[in-house]
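So the structure is just underneath, and the comments pick up after that.
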Amino acid sequence: MFETLFSTSATSSALSLFEVVITIIMAFICGGIISFTYHKTSVKGHYSENFALTMILLPAVISIIIFLIGSDVARAFSLAGAFSIIRFRSAPGEPKDIAYVLFAMAAGLASGVGAFAYAAVFTIILCTVMFILFKTKFKDGATEAKQLVITIPEDLNYETAFTDIMEKFTLRSNLKRVKTTALGSLYQIFFEIDLKENISTKAFIDELRCRNGNLNISLTLLSDQTGE
């Protein structure tokens with residue numbers, strides 16, 4: 001498999017160093033534009049510096065993979081086998097982040113096959129569309145996401161303790177993080193929630209207080225956070 005992967009062929013040898021460098025530079029440019037767009041259209045508290053850096057590197061990586069594969073089917077299977085060794089473990093991202101990943105991969109594919117004009121045109125068009133949607137506040141009217149932090153005793157099952165309350169007061173609730181505090185005697189659980197319309201925040205918090213033994217509860221708009 002690895003002999004096939006690293007063996008040279010007439011197609012690959014025909015590629016000049018200049019073409020390879022230009023392709024990688026073009027991929028970096030597209031990735032930089034995509035990363036800049038992601039940064040400028042991200043709501044405060046949702047911006048990830050690591051994700052932005054990934055958007056710069058991803059098109060170049062994809063274009064290099066396309067170079068290695070070329071038109072050699074055997075090499076394509078060899079690369080697939082090599083990459084299957086790697087296991088990726090990460091939390092599922094937001095739909096917007098997934099769209100940016102696919103966007104960056106498409107830019108890398110277009111650069112890798114030498115379609116520089118197509119890569120530049122669709123990168124500029126899609127980034128412009130993202131800016132327009134962000135500036136016109138396309139998502140206005142939707143519910144504001146909030147972060148709910150609840151402190152609970154260690155003997156309370158945080159996975160099911162608040163299920164009925166969440167169903168009653170929220171449109172959506174996602175358990176994002178759990179950590180221990182007070183030398184392990186307490187848990188802090190972090191939810192991302194969308195409250196239903198015309199819901200009393202006080203009534204919501206009062207029911208949570210009854211369930212968690214009147215320990216600390218914090219409810220914050222995600223747009224007001226600076227991120228961790």
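- In this structure, Ile25 CD1 and Ile22 CD1 are separated by 5.0 Å, a value rounded to the nearest 0.5 Å.
- Here the closest non-hydrogen pair linking Ser63 and Thr23 is CB-CG2, 4.1 Å.
- With sequence neighbours excluded, the residues that form a side chain to side chain contact (heavy atoms under 4.5 Å, CB included) with Ala106 are Phe122.
- In terms of heavy atoms, Ala107 sits closest to Ile34 at CB-CD1, 4.1 Å.
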Going through the distances and angles, do Leu148 and Met166 end up as a side-chain contact (heavy atoms from CB on, under 4.5 Å)? CA-CA 11 Å; Leu148 175 66; Met166 295 299 180; 3.5 Å; yes
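- Taking OG of Ser35 as the start and CD of Glu49 as the end, the distance is 9.5 Å to the nearest 0.5 Å.
- Neither Met130 nor Ile124 shares a network with the other; the hydrophobic side chains, linked directly or stepwise wherever heavy atoms of I, L, V, M, F, W or Y lie under 4.5 Å apart, form separate groups for each.
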Would Val101 and Asp97 satisfy side-chain contact (heavy atoms from CB on, under 4.5 Å), going step by step from the backbone distance to the final call? CA-CA 6 Å; Val101 170; Asp97 295 344; 5.7 Å; no
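- The cluster map of Ile, Leu, Val, Met, Phe, Trp and Tyr, joined by side-chain heavy atoms under 4.5 Å apart, puts Ile199 and Ile217 in the same cluster.
- Taking hydrophobic clusters as Ile, Leu, Val, Met, Phe, Trp and Tyr residues chained together by side-chain heavy-atom distances below 4.5 Å, Val178 shares a cluster with Ile165.
- A distance of 12.5 Å separates CD1 of Ile24 from CD1 of Ile29, quoted to the nearest 0.5 Å.
- Listed by first and then second residue, the salt bridge (Lys or Arg N to Asp or Glu O under 4.0 Å) pairs involving residues 150-167 are Asp164-Arg211 (not counting sequence neighbours).
- Qualifying side chain to side chain contact (heavy atoms under 4.5 Å, CB included) partners for Thr160, counting only residues two or more places apart in sequence or in other chains: Asn157, Thr163.
- Smallest separation of non-hydrogen atoms from Leu186 and Pro153: CD2-CA, 3.9 Å.
- Taken together through direct or relayed side-chain contacts under 4.5 Å among Ile, Leu, Val, Met, Phe, Trp and Tyr, Leu215 and Ile189 form parts of separate hydrophobic clusters.
- Put simply, CG on Leu58 and CZ on Phe103 are 12.0 Å apart, with the number rounded to the nearest 0.5 Å.
- Listed by first then second residue, pairs satisfying ring-ring contact (aromatic ring centres under 6.0 Å, His included) with a partner in residues 153-172 read Tyr158-Tyr187, Phe169-Phe204, not counting sequence neighbours.
- Clustering of Ile, Leu, Val, Met, Phe, Trp and Tyr side chains at separations under 4.5 Å places Phe131 together with Phe36.
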Under the side-chain contact (heavy atoms from CB on, under 4.5 Å) criterion, do Phe191 and Val149 qualify, and how do the steps go? CA-CA 6 Å; Phe191 289 94; Val149 184; over 6 Å; no
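- Shown here are the salt bridge (Lys or Arg N to Asp or Glu O under 4.0 Å) partners of Lys168, two or more places apart in sequence or in another chain: Glu207.
- Formation of a donor-acceptor pair under 3.5 Å by the Ser111 side chain with backbone atoms of Gly108 is not found in this model.
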Phe190 and Gln147: side-chain contact (heavy atoms from CB on, under 4.5 Å), yes or no, with the steps? CA-CA 7 Å; Phe190 295 75; Gln147 178 175 272; 4.0 Å; yes
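- For Leu109, the side chain to side chain contact (heavy atoms under 4.5 Å, CB included) partners two or more places apart in sequence, or in a different chain, are Ile62, Ile66.
- Here Ala161 pairs with Leu156 under the side chain to side chain contact (heavy atoms under 4.5 Å, CB included) rule; sequence neighbours left out.
- For the atom pair CD1 of Ile193 and CG of Asn174, the computed distance is 10.5 Å after rounding to the nearest 0.5 Å.
- Surrounding CE of Met105 are at most 12 heavy atoms belonging to other residues, nucleotides or ligands under 6.0 Å away.
- Residue Phe116 places its CZ atom among more than 12 non-hydrogen atoms of other residues, nucleotides or ligands, all under 6.0 Å distant.
- Counting only distance, with no hydrogens or angles, the side chain of Asn212 and the backbone of Thr151 share a donor-acceptor pair below 3.5 Å.
- By the side-chain hydrogen bond (donor to acceptor under 3.5 Å, both in side chains) test, Asn50 pairs with no residue at all, sequence neighbours left out.
- With sequence neighbours left out, the side-chain hydrogen bond (donor to acceptor under 3.5 Å, both in side chains) criterion links Thr41 to Tyr100.
- Residues Ile64 and Ile56 are members of one and the same hydrophobic cluster, defined by side-chain heavy-atom contacts under 4.5 angstrom among Ile, Leu, Val, Met, Phe, Trp and Tyr.
- When each of Thr170, Thr220, Leu195 is checked for a side-chain contact (heavy atoms from CB on, under 4.5 Å) with Lys146, only Leu195 meets the rule.
- A distance of 14.0 Å separates OG1 of Thr123 from OH of Tyr118, quoted to the nearest 0.5 Å.
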